[in-house]
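Just so you know, these numbers use all the heavy atoms, side chains as well, and skip hydrogens, waters and symmetry mates. Just so we're clear, the structure is a prediction, and the values are computed from it rather than from any experiment. For reference, positions follow the sequence shown, starting with 1. When a ligand or atom number is given, it counts from 1 through the structure's own listing order.
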Amino acid sequence: MKYISTRGGMEPAPYSAILLEGLATDGGLVVPETVPQVTPEQIESWRGLSYPELATEVLALLATDIPREELAAMCRRAYSAENFAAAEVVPLTAIDDRVTLVGLSEGPTLAFKDMAMQFLGQSLEYVLARSDRTLNIVGATSGDTGSAAEYALRGKEGIAVFMMSPQGRMSDFQRAQMYSLTDDNIHNIAVEGVFDDCQNLMKALSEDMEFKRAHHLGAVNSVNLGRVSAQMVYYFWAWLRATDAVPAAERAGYEVSFTVPSGNFGNILSGYTAKSMGLPIRRLVLAANENNVLDEFFRTGVYAPRGAVDTHATSSPSMDISKASNLERFVFEVLGRDPERLSAAWRELAETGRIDLSAEQSRFEAEFGFQSGTSTHADRVETIRAVHAESGIVLDPHTADGVKVAREHLEPGVPMLVLETAKPAKFPDIVFEATGLRIGMPEHLADLLDLPQHVTEMGNDEAALREFVATRAV
Ligand SMILES: *Cc1c(COP(=O)(O)O)cnc(C)c1O
């Protein structure tokens with residue numbers, strides 16, 4: 001099983017050769033040369049497996065160059081009881097008789113990024129040890145991704161993390177979560193500026209090929225193959241749990257739909273890949289917030305990313321993204337997996353600021369199963385209020401965007417599964433606004449805010465950052 005680039009300019013390479021790189025060598029994204037197929041009998045044979053066992057089965061189809069016992073050990077360590085609060089790792093909870101939440105935020109940072117990042121941490125450590133290499137992750141975060149990366153990579157052999165965050169712009173909880181880590185290989189840097197400044201500093205370093213090579217820089221961003229493949233596992237898990245109560249004779253091909261709160265198009269893309277492997281998924285409904293570039297794309301076929309100034313700061317902040325870095329993988333499929341047409345589309349984007357696929361738009365739903373919708377601040381407040389009043393369940397604002405859009409796309413006889421992407425405890429203000437409840441931290445994190453914090457403050461200063469990284473890189 002080999003991987004190729006969407007732009008056609010990379011020699012086919014095995015899974016573990018790609019893990020350390022974000023992009024393909026020609027600037028495209030890596031995709032499987034042919035998508036492995038699973039049969040209904042095969043999926044059924046996985047019904048009794050635990051989450052780490054199921055992860056081993058699914059990932060073994062993608063990471064064919066990693067020995068199975070190694071993969072099984074990585075999955076056991078990634079999805080351990082120590083890392084995940086729920087015994088089943090991913091619990092399903094019905095909020096009414098039609099909509100069920102898929103709990104992806106039981107991990108150490110209370111958001112779904114842990115699901116992929118914990119596996120990536122294990123697999124990076126394995127690949128580095130085998131190739132006798134080291135890796136220095138330089139990243140920029142406004143909250144969720146940085147903390148998930150730090151919790152997945154803390155204490156790992158041969159890896160160091162340099163994570164920049166904007167000074168004074170994260171919540172108390174996010175700061176405490178990252179800055180309380182005491183591992184020697186974790187370096188938190190609070191930059192004087194906003195998130196974009198952190199990102200520009202990161203780009204300056206990673207685009208300097210000489211510096212990048214000299215200090216073995218790498219990234220764990222949302223296009224990383226390890227992340228998108230680990231995210232496929234919970235679609236299989238959710239389908240299996242949703243069909244546990246279906247009579248055995250009716251399970252083969254039993255269709256369910258998913259709604260996915262989306263930003264960079266990583267999570268829902270993993271669902272699409274699971275569907276193309278043969279998992280019976282009827283609809284993949286994309287939920288956007290006010291930054292609804294992707295909803296616009298699925299409704300019109302025109303992709304017109306927006307710049308930072310046109311990106312609103314909303315109350316579902318992890319979806320405040322106006323340039324969806326994983327969309328290229330979907331466009332590649334729409335264009336018949338033709339690297340020439342794909343490259344032409346990206347040239348059009350560079351020249352005109354948009355890609356016009358309106359001629360293909362009718363296939364997005366008919367052939368690929370995609371639908372979409374938008375949710376606003378008022379919608380998420382109302383959804384959090386209503387779901388709490390009906391069921392006692394408290395949603396986080398991103399999941400609320402999902403439930404709002406899911407309820408607009410229900411079909412008779414088709415279960416709707418909404419991916420819960422974060423815990424409400426991370427967003428107490430909107431929960432209070434919607435319900436009047438003041439929710440506290442989960443018990444196992446209650447004293448986090450009192451721990452001593454470790455962070456280096458730095459000006460918006462590239463030279464200082466270079467010096468900092470160069471002297472501490474592994
Ligand atoms: C990252 C994130 C999202 C968006 O996921 P994508 O894979 O970027 O589409 C949604 N909700 C939460 C809470 C997140 O952290």
Side-chain angles (χ1 to χ4, degrees), residues 22 29 101-118 120 139-152 170-171 173-174 177-178 195 220-235 258-274 284-295 297-298 305 311 314-330 370 372-375 380 383-384 395-406 418-427 430-431:
L29 302 189
L101 299 180
V102 179
L104 302 180
S105 40
E106 303 293 318
T109 73
L110 310 184
F112 95 96
K113 303 275 189 311
D114 290 325
M115 296 301 305
M117 213 63 98
Q118 286 293 332
L120 183 62
T141 188
S142 52
D144 287 339
T145 309
S147 56
E150 290 189 354
Y151 278 76
M170 293 195 298
S171 71
F173 175 72
Q174 286 174 321
Q177 213 172 26
M178 294 177 60
F195 173 67
V220 290
N221 48 25
S222 104
V223 298
N224 184 288
L225 179 66
R227 287 179 64 183
V228 292
S229 50
Q231 287 165 187
M232 290 167 50
V233 174
Y234 48 72
Y235 287 89
F258 285 91
T259 300
V260 186
S262 293
N264 258 322
F265 200 72
N267 200 353
I268 198 166
L269 176 94
S270 299
Y272 173 71
T273 312
L284 287 157
V285 184
L286 179 143
N289 68 13
E290 290 89 333
N291 298 296
N292 57 354
V293 166
L294 287 175
D295 180 26
F297 171 67
F298 280 98
T311 304
T314 74
S315 50
S316 46
S318 299
M319 292 156 62
D320 290 349
I321 294 168
S322 299
K323 207 171 124 211
S325 50
N326 275 292
L327 192 68
E328 181 167 338
R329 287 183 165 120
F330 176 70
F370 278 86
S372 69
T374 290
S375 164
R380 64 189 80 91
T383 305
I384 294 171
L395 301 177
D396 98 286
H398 308 80
T399 310
D401 288 332
V403 169
K404 187 266 180 182
V405 173
V418 176
L419 300 190
E420 175 219 58
T421 55
K423 285 279 188 219
K426 288 188 99 164
F427 305 95
I430 190 169
V431 170

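Between G266 and ligand 1, a contact under 3.5 Å exists for at least one N or O pair. At under 3.5 Å, a nitrogen or oxygen of D144, whether backbone or side chain, sits near a nitrogen or oxygen of ligand 1. Geometrically, ligand 1 and N264 share a nitrogen or oxygen pair separated by less than 3.5 Å. For a threshold of 3.5 Å applied to N or O pairs, the pair formed by S262 and ligand 1 contains no separation below that value. In terms of N/O distances under 3.5 Å, ligand 1 is approached by G263. In terms of N/O distances under 3.5 Å, ligand 1 is approached by F265.
The protein heavy-atom contact nearest to atom 15 (O) of ligand 1 is K113 NZ, 2.6 Å. Protein heavy atom at the shortest distance from atom 11 (N) of ligand 1 is T421 OG1, 3.0 Å.
The minimum heavy-atom distance linking L104 with M115 is given by the pair O-CG, 3.6 Å. In terms of heavy-atom proximity, P108 sits nearest to Y151 at CB-CD2, 3.7 Å.
For the pair P261 and ligand 1, a heavy-atom separation below 4.0 Å is found.
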**Study point:** Test log, rule side-chain contact (heavy atoms from CB on, under 4.5 Å), inputs L294 and S372
**Key:** CA-CA 8 Å; L294 287 175; S372 69; over 6 Å; no
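F297 has its ring centre no less than 6.0 Å from the ring centre of F265.
Near A422, meaning under 4.0 Å from one of its heavy atoms, ligand 1 places the atoms 13 (C). Atoms of ligand 1 found under 4.0 Å from any heavy atom of N267 (numbered from 1 in listed order, with element): 7 (O). Heavy-atom proximity to M319, at under 4.0 Å, picks out these atoms of ligand 1: 10 (C).
Judged by distance alone, the side chain of Q231 and the main-chain N or O of G266 form a donor-acceptor pair under 3.5 Å.
A distance of 5.0 Å separates CG of N289 from CG of D320, quoted to the nearest 0.5 Å.
Contact of the P261 side chain with the M319 side chain is registered, since non-hydrogen atoms from C-beta on lie closer than 4.5 Å.
Applying the side chain to side chain contact (heavy atoms under 4.5 Å, CB included) rule to S318 yields the partners D144, H398; only residues at least two apart in sequence or on another chain are considered.
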